[in-house]
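Counting starts at 1 for both ligands and their atoms, in listed order. Owing to the predicted nature of the structure, the values given are computational and were not obtained by experimental measurement.
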Amino acid sequence: MLRTFEQHLVRTVDSLDGWWAFVTADERTDRRELPPDYTRRVHVPSAWEMLPGLETYRGRAWYRTEIEGDAEHAARLVFGGVSHTATVYVDGKEVGGHYDAFTPWDVVVPGLPERTCEVVVAVDNSFGEHSALHIPNDYMTYGGITRPVEVQYVPPAYIDAVFATPAADGDAWRLDVTVRLKNWSDQPQRRQVVLVLGVRQVELGAVTVKPGQARTVRGSLEGLDVPAWAPDAPHLHTLWACLLDGEELVDDLADRVGFREVATRGREILLNGEPIRLRGFNRHEDHPQFGCALPVEAMVTDLELLRDLGANFVRTCHYPNDMRFLDLCDELGLLVWEESHARTVDFSHPHFREQIAASTREMVEWHFNHPSIALWGCLNECESDTPAGKAEHARVLKLLRQLDGSRPVTFASNRRQRDLCMGLVGVVSINTYPGWYDGRPADAAPRLDEFLQWLHSPASNGGADKPLIVSEFGAGAIPGYRQRHPVHWTEQYQAEVLDATLQAYLNHKDVSGAAVWQLADVRITEEGAFWRGRPRTMNNKGVVDEFRRPKLAYETVKRHFRAAGLRTEA
Ligand code: ADA
């Protein structure tokens, strides 16, 4: 299942999670486009690095399964995530494809015969010219069908997406809804759209969708007397969009909404009109047993750790997360900064613009309704200190705002007082590592004050009087390594750095959020000289190790987070 809950009562959906036939390019001896034979069966979703013999495999592989054809419905194959490039074939014919591991995508295949049909997905996780975002990096790019897959049977006109935006309206709430319909047939299709939320029902009227086209329908549910969504009371409501052909209900799509507003006012971030301080962690989707394909149970373990640590916030560095993780955040009331896929990428790469635009668009469109997502982010530690880099930041941040005007936008900068892009964001965010890459832990407080002085002056070119999040800080610790003197890489030194930095950031009146780098130790790529130099080929800045065993710093962070107030003091 792509989500933690059912989305369709009318549309037929079959999960394609389970055993698929599998073969790698290395194992093939033929020269055909699709493999005549497969060597083993693998369980989807998973990362192939978890398979014996493929721990470091970088290249191509093919997955094969079967679906049933249906003459009256198109088969809509929905992939939660394939890492990182996919080409899909049905009965030997190419029907679609996708780049990037971290966003969901679909392929709609009409006209299948009423029999068993073969689905083959060619997957490539290699680095090179074709890939601007998946590059050797400080986190691992795995290979495989790494998130759940479904086949959905959709009628000629079907509901492609629903976008719902809550807005406070006096004492009540309003929900502004856009429904996107698509028509895969060669005939115009006229349908009625109805929205249902609890006992309320709203008819959005009849529309005609042209052959092969998409069409949006808008409407609002007003005067809703519903409890708000908040971290301590994360109330969720099901919004059910229905499509009728005359009297007949022919398609549907349910999603969950939470009634909350996120805004900024001067140097504060507001949740439902009240100032809030975000305190939490950066978290990668990574686990030694699952790679990036974490099952729900492992996600829940991470969320339990975050709750125990006293966090109210998680940053999905540096890419969109599995929708089930976001569902769990909605359910638990954890606030999320979700960012499109980019960690220090090269803006001059020939595919950069098209690939970052797709990652950004797909992230917002597929994750639009999650109440937990409080901020959209992008372009972690990219070139934000040159005019050319500023133009790229402007482009991506503008796209984020166009796709969703209801959430503040941000990016994590490491360019300090040289940054040129502070005027482009709703919330300013900085990554800073006092006591690790340079300086001492005690530099945290004076360095922050220097930065704030610059930020709230005309020199920052538009950053003044905006909220600030310290989006990364921390230190590496090899699990179990302690010394009589707390030196770099010891658990004691990591705890010292986090003690000093949290002390400086958590209760500072001009800091609205702080996210420790990072929750758990993660695997990084072996490619790239710099990354290879990291001990254990891992980023060791987790407060728990890769198996989620706490380091000394765990208790340090917990003490600070638990003592910190949720709201900004007056
Ligand atoms: C960065 C970056 C992270 C990670 C971290 C570190 O600033 O955003 O992805 O690489 O630093 O550990 O150095």
(message) Please list the nearest protein heavy atom to atom 4 (C) of ligand 1 with its residue and the distance rounded to 0.1 Å.
(response) Asp138 OD2, 3.3 Å
(message) Can a donor-acceptor pair be found, under 3.5 Å and without considering hydrogens, that links the side chain of Asp443 to the backbone of Arg440?
(response) yes
(request) Number the atoms of ligand 1 from 1 as they appear, then name those within less than 4.0 Å of a heavy atom of Tyr437, with their elements. (result) 6 (C), 12 (O), 13 (O)
(request) For ligand 1, indicate whether the residue Lys541 contacts it via side chain, backbone, both or neither (heavy-atom separation under 4.0 Å). (result) side chain
(request) State whether Phe347 and Arg395 meet the cation-pi test: NZ (Lys) or CZ (Arg) under 6.0 Å from the six-membered ring centroid, and within 45° of the perpendicular axis. (result) no
(message) Within the 4.0 Å heavy-atom shell around Asn431, which atoms of ligand 1 are there?
(response) 7 (O), 8 (O)
(message) If we set the cut-off at 4.0 Å for heavy atoms, which region of Arg534 has an atom near ligand 1: side chain, backbone, both, or neither?
(response) side chain
(request) Take the angle between the ring planes of His84 and Phe127 and call it parallel below 30°, perpendicular above 60°, tilted in between. (result) parallel
(request) May I ask which of His284, Arg315, Glu472, Gln518 has a heavy atom nearer to atom 2 (C) of ligand 1 than the others do? (result) Glu472
(request) For Asn380, take its heavy atoms, then give the atoms of ligand 1 lying under 4.0 Å from any of them. (result) 2 (C), 8 (O)
(request) Answer with yes or no whether Trp436 contacts ligand 1, where contact means a heavy atom under 4.0 Å from a ligand atom. (result) no
(request) For ligand 1, indicate whether the residue Asn414 contacts it via side chain, backbone, both or neither (heavy-atom separation under 4.0 Å). (result) neither
(message) Using a strict threshold of under 4.0 Å (side-chain N to carboxylate O), is an ion pair present between Arg416 and Asp438?
(response) yes
(request) State whether Arg315 and Glu472 are salt-bridged, where the test is any N-O pair (Lys NZ or Arg NE/NH1/NH2 against Asp/Glu carboxylate O) under 4.0 Å. (result) yes
(message) Looking at every non-hydrogen atom in both residues, tell me the closest pair between Leu326 and Ser372 and how far apart they are.
(response) O-OG, 3.7 Å
(request) Indicate the atoms forming the closest heavy-atom contact of Ser359 with Thr103, along with that distance. (result) O-CG2, 3.7 Å
(message) What I want to check is whether the side chains of Thr525 and Asn137 have a donor and an acceptor closer together than 3.5 Å.
(response) no
(request) Determine whether any heavy atom of Tyr433 lies closer than 4.0 Å to an atom of ligand 1. (result) yes
(request) Note the single closest protein heavy atom to atom 7 (O) of ligand 1, along with its residue, its atom name and the distance in Å. (result) Glu381 OE2, 2.2 Å
(request) Look at ligand 1 and say whether His318 reaches it with a heavy atom at a distance under 4.0 Å. (result) yes
